Number of protein chains: 2
Amino acid sequence: MGKTHYHHGELRGALLDAAEELVREHGVVGWSLREASARVGVSSSAAYHHFASRDALVRALSGRVLARLGERMNSAAAQAAEPSADVRQGLVAAGRAYVRWALEDPAVARLAFGSGAHDPEATISPHPHDVLDAELDRLVEAGTLSAEARPGAEFVVWTAIHGLATLLADGLMILDSPEAADLQTERTLRAVLAGLTRETAPSQSWPAAHSAHTERRA
Amino acid sequence: MGKTHYHHGELRGALLDAAEELVREHGVVGWSLREASARVGVSSSAAYHHFASRDALVRALSGRVLARLGERMNSAAAQAAEPSADVRQGLVAAGRAYVRWALEDPAVARLAFGSGAHDPEATISPHPHDVLDAELDRLVEAGTLSAEARPGAEFVVWTAIHGLATLLADGLMILDSPEAADLQTERTLRAVLAGLTRETAPSQSWPAAHSAHTERRA
DNA sequence: AGCGCAATCTGAACACTGATTAGATTGGAG
DNA sequence: CTCCAATCTAATCAGTGTTCAGATTGCGCT
């Protein structure tokens, strides 16, 4: 609303906002850098002073939304952990946040999950994977998950939640309501948790998996 | 090799082949219709006599590769079912095929899983979802999976396999070798199967899920 | 205060894209 | 052998990502 300045001042953030809105409206590829620039009220070449390419803008946005997902999972888990008798509720709440997000904002979720989408430089914190990791530690502490089954369990749990989220975001699997998605998340997570302890023999070793974001830290 | 004909004769299939190769080389979006046409030795506008748009070509290709995945799962399951004592080996083999495919041909896998990628007209047969469905029926028959846990179990299993496949294809999760992927698939599937029976109380009802490809048939 | 510089933004340009159209070429049915 | 519908080409259009020379401005320095 203020008078139009030659210098925008917050162009980088404004471009990210515009791009996020465009992703929501037209998907990850259904818009142009010119469109985003115009929406912010700036020439298209101005964007190149803040992002090396259109792809760099998309990658930066991808990191931003993924970090937001991590925060949502964190607060959902914290809120559920307080009064509950069942220790698993924290993990289930984090999973629900993950899946709900994919269902309610599918285009943005596809962006965050998409290949090569993340900026190798950016540190995504808290990363969804780390949230699950922490919740699983609490389950072992409480005796709900066996210590033998703990190593690598995060990846099994992540796999389950991520599978449901992507199937829903990509429209390959259809549920009638958000509540149905919550129930499906619970069923899947409870099955995985129960099966992890049951199917892991003592001293059995499973392959070493890595998350791409921790890989980069090394 | 042969003399260049004005009429290509097999242009539709040749374009699909070229597009698949380009996806493998440059991802789903890193190539142009002109490039695919040139590779086949044809003008770019010729493609529009076989596909309404570039997107239609991509959708048709997506259906083709997804059906191929279904066939690979089917034959893997059939081969594993014969001599084995453990009935679960059929399902595990199908899952391995799914995950291996995503790991070995990630760009093509992303195409097949990608949103809106499938032609609503095309019937994908056998659909990966249906292969899992059939294998789960065999598990109930053999008494490995409880009948109470059977309804909707396909979606829990699909979720698990699909999650692992997409995490690997998108590079979010890293495993050191194809063998590690096989082991991870086994661990995940065994956990889910064990947990499904264990966590399903009699007469418990879970949400009704649908697969997009069966939805279309209705 | 004012000077100057580096950061920021503009406008024009380039090669390339998906898509459309009018017209050339051809195999095959009658 | 003729004609026609299917197939392919060449030319063209608006729109894209990206670059670059130059205009504009905030900010630190004296």
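Residue numbers begin at 1 in each chain, while the letters A, B, ... track the order of the sequences. Keep in mind that this is a model prediction, so the values were computed, not measured.
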What N/O pairs connect the protein and nucleotides 4-13 of chain D at under 3.5 Å? Give each pair on its own line.
unit_1	atom_1	unit_2	atom_2	d
D/dC8	OP1	B/His8	N	2.6
D/dC8	OP2	B/His50	NE2	2.8
D/dC8	O2	B/Tyr6	OH	3.0
D/dC8	N4	B/His49	NE2	3.0
D/dT9	OP2	B/Ser43	N	2.5
D/dT9	OP2	B/Ser43	OG	3.0
D/dA10	N6	B/Ser45	OG	2.8

Worksheet item: Should the pair B/Arg54 and B/Trp31 be classed as cation-pi, given the thresholds of under 6.0 Å to the six-membered ring centre and 45° from the axis?
Response: yes
Discussion item. One thing to verify: whether B/Asp17 and B/Arg12 come together as a salt bridge, which I'm taking to mean a side-chain N less than 4.0 angstrom from a carboxylate O.
Written reply: no
Discussion item. Using only atom types and a distance under 3.5 Å, with no angle test, would you say the side chain of B/Thr166 pairs donor to acceptor with the backbone of B/His162?
Written reply: yes
Worksheet item: Does any N or O in the side chain of B/Arg110 come within less than 3.5 Å of the main-chain N or O of B/Ala169, such that one atom is a donor and the other an acceptor?
Response: yes
Fill in: A/Glu199 with B/Arg88: basic N within carboxylate O range, under 4.0 Å
yes
Worksheet item: Donor-acceptor pair, A/Ser62 side chain versus A/Val58 backbone, under 3.5 Å?
Response: no
Worksheet item: Which is the 5'-most and which the 3'-most nucleotide of DNA chain C that has an atom under 4.0 Å from a heavy atom of chain B?
Response: C/dT17 to C/dT26
Item to complete: Evaluate whether atom CD of A/Glu10 has more than 12 neighbouring non-hydrogen atoms of other residues, nucleotides or ligands under 6.0 angstrom away.
Response: no
